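Working notes for the structure below.
Chain naming here is simple, since letters A, B, ... match the order of the sequence lines and numbering starts at 1 in each. This is a predicted model, so every value here is computed, not measured.
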2 protein chains.
Amino acid sequence: MKLKISEVAELANVTKRTVDYYTNQGLLRAERSASNYRYYDREAVDQIGVIERLKDEKLSLAEIKKRLKVDQAENADIEELKMKIQDLEMDVSDIMNILEKKGLTKETIRNNLSHESISLMQTLLLLLI
Amino acid sequence: MKLKISEVAELANVTKRTVDYYTNQGLLRAERSASNYRYYDREAVDQIGVIERLKDEKLSLAEIKKRLKVDQAENADIEELKMKIQDLEMDVSDIMNILEKKGLTKETIRNNLSHESISLMQTLLLLLI
DNA sequence: GGTCTTAACCATCACGTTATAGTTTGGGGT
DNA sequence: ACCCCAAACTATAACGTGATGGTTAAGACC
């Protein structure tokens with residue numbers, strides 16, 4: 001039998017809000033009923049235990065999520081990477097097209113691009129060149 | 001002169017958290033400094049006033065956002081650009097995540113990334129920095 | 001005027017909280 | 001057994017909160 005959010009929360013010794021948050025962040029998976037209720041299976045309780053332990057080791061939820069993804073998706077990394085890079089190429093050329101057609105300013109662009117993204121791109125280029 | 005978040009908040013009679021939230025939800029636009037600080041122009045203060053008034057009429061922020069978007073539909077280009085750039089950001093961070101997780105080599109990456117794409121990214125960065 | 005320190009500020013994370021609106025369920029009556 | 005209802009549960013929105021880790025700006029000192 002599947003568990004509702006408060007049952008999961010109690011069994012895992014966390015609050016409902018925590019289960020809610022983890023679910024929204026994609027660290028926990030839940031079925032949805034027709035009425036949009038979440039239903040978890042028992043495995044979720046253990047999963048929360050793992051998450052809490054990793055948190056004690058100062059990992060952020062984002063990092064924990066990555067680690068969990070690795071455990072479960074182990075493989076198709078390079079295929080994924082290939083596809084991501086294709087997407088990236090398309091995005092970049094789209095952007096450049098827009099930049100050429102419209103006379104948008106440097107500021108307009110920078111205001112819409114997060115600084116993390118810029119530094120990520122820089123890092124990527126540094127790795128490659 | 002541009003305003004910082006707490007200045008906007010005080011002038012508009014809302015909390016910083018509210019300004020933060022509206023900004024994240026895309027109801028308010030802010031420039032970002034190199035250090036990632038948000039800088040608003042005074043128009044933002046009035047904008048918040050409009051939002052609060054619409055909230056009194058029981059509109060949700062999502063609905064308010066749509067209404068504001070219509071008002072400034074002239075900015076379709078920028079919206080398009082924004083979305084493209086968001087896609088780009090996601091792609092880049094995805095790629096970096098994979099790069100961090102796996103010990104993929106420079107060669108593996110370069111083999112999957114076209115030469116044109118690299119130079120496009122370089123151009124983009126040159127425009128911005 | 002330059003440098004150095006420190007208090008005040010800022011961004012983000014990981015939830016907490018309150019309000020609203022919809023859902024499920026254990027009775028109670030018939 | 002079937003219908004009705006209130007109590008308990010649920011999802012989501014819109015912030016609030018405390019911790020953490022950077023940033024900026026205003027003096028103090030040289």
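- In the hydrophobic clustering of ILVMFWY residues, with side-chain heavy atoms under 4.5 Å counting as a link, A:Val14 and A:Leu61 come out together.
- In this structure, the CD1 atom of A:Ile64 is 9 Å from the P atom of C:dC15, given to the nearest Å.
- Taking for each of B:Leu59 and B:Tyr39 the nucleotide of DNA chain D with the nearest heavy atom, the 5'-most of the two is the partner of B:Leu59.
- Across the protein-nucleic acid pair, A:Lys65 atom NZ and C:dC13 atom P stand 12 Å apart, rounded to whole Å.
- Both A:Leu54 and A:Tyr22 belong to a common hydrophobic cluster when Ile, Leu, Val, Met, Phe, Trp and Tyr are linked at side-chain heavy-atom distances under 4.5 angstrom.
- Tracing side-chain contacts under 4.5 Å through hydrophobic residues (I, L, V, M, F, W, Y), one never reaches A:Val19 starting from A:Tyr39; they form parts of separate clusters.
- In this model, the phosphate group of C:dC10 is not approached by any side-chain N or O of B:Ser35 to a distance below 4.0 Å at OP1 or OP2.
- Rounded to a whole Å, the CG atom of B:Asn24 is 15 Å from the P atom of C:dC10.
- No side-chain heavy atom of A:Arg29 sits under 4.5 Å from any side-chain heavy atom of A:Thr23.
- Protein atom CG of A:Asn36 is 10 Å distant from nucleotide atom P of C:dT24, rounded to whole Å.
- Using a 4.0 Å cut-off between charged nitrogen and carboxylate oxygen, B:Arg53 and B:Asp56 do not count as a salt-bridge pair.
- Residue-to-nucleotide proximity on DNA chain C shows that, of B:Lys58 and A:Ser60, the 5′-proximal contact is made by A:Ser60.
- Contacts between chain A and DNA chain D, taken as any atom within less than 4.0 angstrom of a protein heavy atom, begin and end at D:dC9 to D:dT12.
- Following rounding to the nearest Å, B:Tyr37 (OH) and C:dC10 (P) show an atom-to-atom distance of 7 Å.
- Between B:Leu3 atom CG and C:dC9 atom C1' the separation is 15 Å, expressed in whole Å.
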Sequence neighbours excluded and cut-off under 3.5 Å, please list the side-chain donor-acceptor pairs for residues 2-12 of chain B, or say none.
{"unit_1": "B:Lys2", "atom_1": "NZ", "unit_2": "B:Glu31", "atom_2": "OE2", "d": "2.8"}
{"unit_1": "B:Lys2", "atom_1": "NZ", "unit_2": "B:Asp41", "atom_2": "OD2", "d": "3.1"}
{"unit_1": "B:Glu7", "atom_1": "OE1", "unit_2": "B:Lys4", "atom_2": "N", "d": "2.7"}

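- Less than 4.0 Å separates DNA chain D from at least one heavy atom of each of the following residues of residues 13-23 of chain B: B:Thr15, B:Arg17, B:Thr18, B:Tyr21, B:Tyr22.
- With the nearest nucleotide of DNA chain D identified for both A:Ser6 and B:Leu61, A:Ser6 has the one nearer the 5' end.
- In this structure, B:Arg38 and B:Asp20 have side chains that are in contact, with non-hydrogen atoms separated by less than 4.5 Å.
- Hydrophobic cluster membership is shared by A:Leu59 and A:Leu28, with clusters built from Ile, Leu, Val, Met, Phe, Trp and Tyr side chains linked at under 4.5 angstrom.
- In this structure, A:Arg38 places its CZ atom 15 Å from P of C:dT23, rounding to the nearest Å.
- If B:Glu7 and A:Lys4 are placed on DNA chain C by their nearest nucleotide, the residue sitting closer to the 5' end is B:Glu7.
- As a whole-Å value, the separation of B:Glu31 CD from C:dA11 C1' is 17 Å.
- Here A:Glu52 pairs with A:Lys55 in a salt bridge; the nearest charged N to carboxylate O distance falls below 4.0 Å.
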